[in-house]
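These notes are about the structure you will find just below.
Quick note: residue numbers are just sequence positions, from 1. All ligand and atom numbering here is 1-based and tracks the order in the structure.
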Amino acid sequence: MTTASDRDVERPGLGVTHVVGAGLAGLAAAHALATQGRLVTLHESTPGAGGRARALPDGTDNGTHALIGANRAALSFLDAIGARQFWLEPEPSGLPVFDMADGSARLVSLSPFGWWRSDRRPAGVTPGAVLAMAGMALPGEDRTIAETMRAHPAFLRGFVDPLVIAALNTPSSEASSQRLGQVLRRLGAPGATRLLVAQRGLGPDLVEPALAALSLAGAAYRPGHRLRAIAQEGGRATTLIFQDNETPLGPADRVILALPPWEAQRLLPDLPAPEAHAPIVNLHFALESTGPVRFLGLIGALCQWVLIRPAGVAVTVSAGDSEAEQDVAELAPRAWAEILQAVRAFGVAGDWPEAPPPCRVVKERRATPRHRVGHIPTPPRLPLANLALAGDWTWPDLPATIDAAIRSGLAAARALPA
Ligand SMILES: Cc1cc2nc3c(=O)[nH]c(=O)nc-3n(C[C@H](O)[C@H](O)[C@H](O)COP(=O)(O)OP(=O)(O)OC[C@H]3O[C@@H](n4cnc5c(N)ncnc54)[C@H](O)[C@@H]3O)c2cc1C
C-alpha cells in the first residue's frame, strides 16, 4: 500500500485527510475521498480493519452480519469496492422460521406484500396487527414496541419481536416504536426486504475488498495506530496525538473521526453520545458443510438466527444481556439442540451430529446503542472547523447498522471544508 510520504511528494500542497477508525464508517469515508483524488491516511488502533463488522485473526466473523435490499448505501459501497457479488440471498423463497414452542416450521415473507400468500404469512397476522405495525412508520408518540403491539401478542411474538431484535438489538419491552418506524418506512420499496449475507465471511467479502480498493485509490493505511488525544486551538484540531507519534495538522489538513461513541466522547468530551449499549453474542460451531448457504430464524429459542455456510454454523443472540454472562459450556449444548430441531424440520442438507461440534463464543458487549424510547443524542457532524464525525451512532435517521455507518462516513466526507 502507498505510504503517506510517497503520496505527499506526488501531490505537494494538497492537504491530507486523516480518517481515524477503520470500521465501515471510516472505510466508506476514506474510499469516497481517495477516489475523488484526495490524499487520505486511514488510522486504526487494532491490527485489522472492520471494527464491529470484522474477521477475527483465525478468519471467523465476529458476528453474523446481514444486509437487506433497503440498505442502499451499503449495497452501493459493495459495488464501489467490487464486493457485491460475494453477498448472496440465502432464502429467496421466504425465511424459514421454526417455532420452538410448538415445533411448527414455516416460510415467512419479510415483506407484508408477500403475505397475500397464506403459506408465506408469519404467525398471528390479522389486519389489525398489520395496521398497528404500519402505524409505527408514521410520525407519532414514541412508545415501547411491546406497548404499541400489546393487543396483538401472537404477531408480536411471531414477527415483530424478531424484527425488532434484528434491527434495533433491543428487546421490544424497551425498544422505541419511532426507531422501528425508521426501518419500516424503508421496507415498502421493491426488493427492500431481500436478505443478503456474505458467502464466505466478512474478511474476504467485505473488509479485504475495501482495503484493496483503498490501496488502489492511493490511500495510506496505518493499522495498530491508536489516536490518544487531539490538540485544539481556536475551534480547530491542531495535532493528532497517536500512541507512537504526533501528527501536526497544516491549514489544508482535515480529520474524520469514525469511532464508536465512547471513544469519540473520550477524545471530545462535550459530544452528546448514547450511553447505554446492548450486547450481541455469537456462537460459531466448527462444522463444515457442502450444501448451499442457509439462514434460519428461530422463535422462542436461545438461537435467533442460524447461518449455515461452508466454513461453519453461526448462531446470533442479539440483545443477549443474560447470555453475555454465560459461558460456552452452558450455551453450546442448548443452541445445538435447537439447531438440530430446526435443520431437521426444514430438511437442511448435511451431516448433523447429535453432539455439538467444537464451539467458540464471541461476545460483543457494546455491539450497538440500546435503541430505547426517547431522545436520540445526536452530535454535530462538524464539531471543529476541520474535523467531522462519522460512525453508526451519528446517523439519527437509522438504527446503528452497516448502512448507517456508511451513510455517516459519506456525510462526514461531504461536510469537511474543501
Ligand atoms: C455481532 C454484531 C452483529 C451485527 N449485525 C449487524 C447486521 O446484521 N447488520 C448490520 O447492518 N449491522 C450489524 N451490526 C452493527 C454494525 O456492525 C455496526 O453498526 C457497524 O459495523 C459500525 O461501524 P462504525 O464504523 O460506525 O464503527 P466501528 O465498527 O466500531 O468502527 C470504529 C473503528 O475505530 C477503531 N478505533 C477505536 N478507537 C480508536 C482510536 N483511538 N484510534 C484509532 N482507531 C480507533 C476501532 O477499532 C474500529 O475499527 C452488528 C454488530 C455486531 C457487533
Side-chain angles (χ1 to χ4, degrees), residues 18-30 41-54 56 60-68 70-71 73-75 77 87 165-169 183 195-198 202 206-207 210 221-230 240-244 255-268 274 277-284 295 304-305 307 314-320 324 361-369 371 389-395 398-412:
H18 296 275
V19 180
V20 185
L24 267 309
L27 288 166
T41 300
L42 175 62
H43 309 265
E44 165 60 40
S45 60
T46 69
R52 278 169 282 153
R54 69 188 181 285
L56 303 173
T60 311
D61 290 351
N62 68 321
T64 297
H65 279 70
L67 294 174
I68 56 170
N71 296 154
L75 297 179
F77 181 65
W87 288 69
I165 288 286
L168 304 186
N169 191 28
V183 178
L195 181 111
L196 301 164
V197 292
L202 295 170
L206 179 61
V207 178
Y221 171 49
R222 292 187 174 163
H225 207 227
R226 179 167 186 263
L227 181 63
R228 213 159 44 76
I230 302 170
L240 297 180
I241 303 165
F242 291 96
Q243 215 139 24
D244 52 355
V255 181
I256 292 179
L257 281 193
L259 300 174
W262 55 91
E263 194 59 5
Q265 218 173 30
R266 182 184 68 73
L267 292 161
L268 301 174
H277 301 275
I280 298 181
V281 175
N282 264 92
L283 281 75
H284 300 277
F295 192 84
Q304 294 154 355
W305 309 108
L307 174 63
V315 169
T316 304
V317 187
S318 294
V361 179
V362 181
K363 297 174 181 173
E364 290 278 7
R365 291 181 188 277
R366 292 189 285 191
T368 66
H371 295 296
L389 280 182
D392 56 357
W393 59 283
T394 69
W395 191 257
L398 280 175
T401 50
I402 289 179
D403 205 51
I406 289 173
R407 285 172 193 266
S408 77
L410 301 179

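Between the side chains of His225 and Asp244, a donor-acceptor pair is found at a separation under 3.5 Å.
Taking atom 49 (O) of ligand 1 as the reference point, the nearest protein heavy-atom neighbour is Glu44 OE1, 2.7 Å. With hydrogens left out, the protein atom closest to atom 2 (C) of ligand 1 is Ile280 CD1, 3.6 Å, a heavy atom. Of the protein's heavy atoms, Ala25 N, 2.9 Å lies nearest to atom 25 (O) of ligand 1. In terms of protein heavy-atom proximity, atom 39 (C) of ligand 1 is nearest to Leu259 CD2, 3.5 Å. With respect to atom 34 (O) of ligand 1, the closest heavy atom belonging to the protein is Gly21 CA, 3.3 Å. In terms of protein heavy atoms, atom 26 (O) of ligand 1 is closest to Asp392 N, 2.8 Å. Ranking the protein heavy atoms by distance from atom 4 (C) of ligand 1 puts His65 NE2, 3.3 Å first. Of the protein's heavy atoms, Glu263 CG, 3.1 Å lies nearest to atom 38 (N) of ligand 1.
Close contacts of ligand 1 with Gly23, meaning ligand atoms under 4.0 Å from a residue heavy atom, involve 25 (O), 29 (O), 31 (O), 33 (C), 49 (O). Within the listing of ligand 1, atoms 26 (O) sit less than 4.0 angstrom from a heavy atom of Gly391. Of all the atoms in ligand 1, the ones that sit under 4.0 Å from a non-hydrogen atom of Thr46 are 47 (O). The ligand atoms of ligand 1 that sit less than 4.0 angstrom from a heavy atom of Ala258 are 32 (C), 33 (C), 34 (O). Close contacts of ligand 1 with Val20, meaning ligand atoms under 4.0 Å from a residue heavy atom, involve 42 (N), 43 (C). Counting the atoms of ligand 1 from 1 in the order shown, those under 4.0 Å from a heavy atom of Ile402 are 10 (C), 11 (O), 12 (N), 19 (O). In the vicinity of Ala400, heavy-atom distances shorter than 4.0 Å reach the ligand 1 atoms 19 (O).
For ligand 1, the polar-atom distance check against Glu364 finds no nitrogen or oxygen pair separated by under 3.5 Å. Between Ala66 and ligand 1, at least one pair of N/O atoms sits closer than 3.5 Å. Ligand 1 has no N or O atom lying under 3.5 Å from any N or O atom of Thr368, backbone or side chain. The shortest N or O to N or O distance between Ala367 and ligand 1 is not under 3.5 Å. In terms of polar-atom proximity, Asn282 is not counted as a contact of ligand 1, lacking any N or O under 3.5 Å from an N or O of the ligand. Looking at ligand 1, you'll find an N or O of Leu227 within less than 3.5 Å of one of its N or O atoms. Checked by distance only, ligand 1 and Arg52 come closer than 3.5 Å through their nitrogen or oxygen atoms. An N or O contact shorter than 3.5 Å links Ser45 to ligand 1 by distance.
For the atom pair NE2 of His65 and CH2 of Trp87, the computed distance is 7.5 Å after rounding to the nearest 0.5 Å. Interatomic distance, OG1 of Thr60 versus CZ of Arg54, reported as 11.0 Å (0.5 Å rounding). With rounding to the nearest 0.5 Å, the separation of CZ in Arg366 from CD1 in Ile280 is 14.0 Å. The structure places CG of Leu202 at 13.5 Å from CZ of Arg52, a figure rounded to the nearest 0.5 Å.
Legend: residues meeting side-chain hydrogen bond (donor to acceptor under 3.5 Å, both in side chains) with Asn71, ordered by chain and number and at least two apart, are absent. Take Arg266 and apply the side-chain hydrogen bond (donor to acceptor under 3.5 Å, both in side chains) test, not counting sequence neighbours, and it matches Glu263.
Under the 4.5 Å side-chain criterion, counting only non-hydrogen atoms from C-beta, Ile230 is in contact with Leu257.
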| message | side chain to side chain contact (heavy atoms under 4.5 Å, CB included), that's the test. Do Leu67 and Asp403 meet it? Break it down for me. | response | CA-CA 8 Å; Leu67 294 174; Asp403 205 51; 5.8 Å; no
| task | Mind running side chain to side chain contact (heavy atoms under 4.5 Å, CB included) on Gln304 and Val317 for me, showing each step along the way? | result | CA-CA 6 Å; Gln304 294 154 355; Val317 187; 4.3 Å; yes
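A donor-acceptor contact shorter than 3.5 Å is absent between the side chain of Asn282 and the backbone of Val362.
Across Ala405 and Leu24, no two heavy atoms sit closer than the pair CB-CB, 4.1 Å.
The side-chain contact (heavy atoms from CB on, under 4.5 Å) test with Leu267 is passed by exactly one of Leu240, Leu227, Ile241: Leu227. For the pairing with Leu27, the side-chain contact (heavy atoms from CB on, under 4.5 Å) check across Leu206, Ile406, Leu42 returns one residue only, Leu42.
Contact analysis leaves Thr394 out of contact with ligand 1, as no non-hydrogen atom separation drops below 4.0 angstrom.
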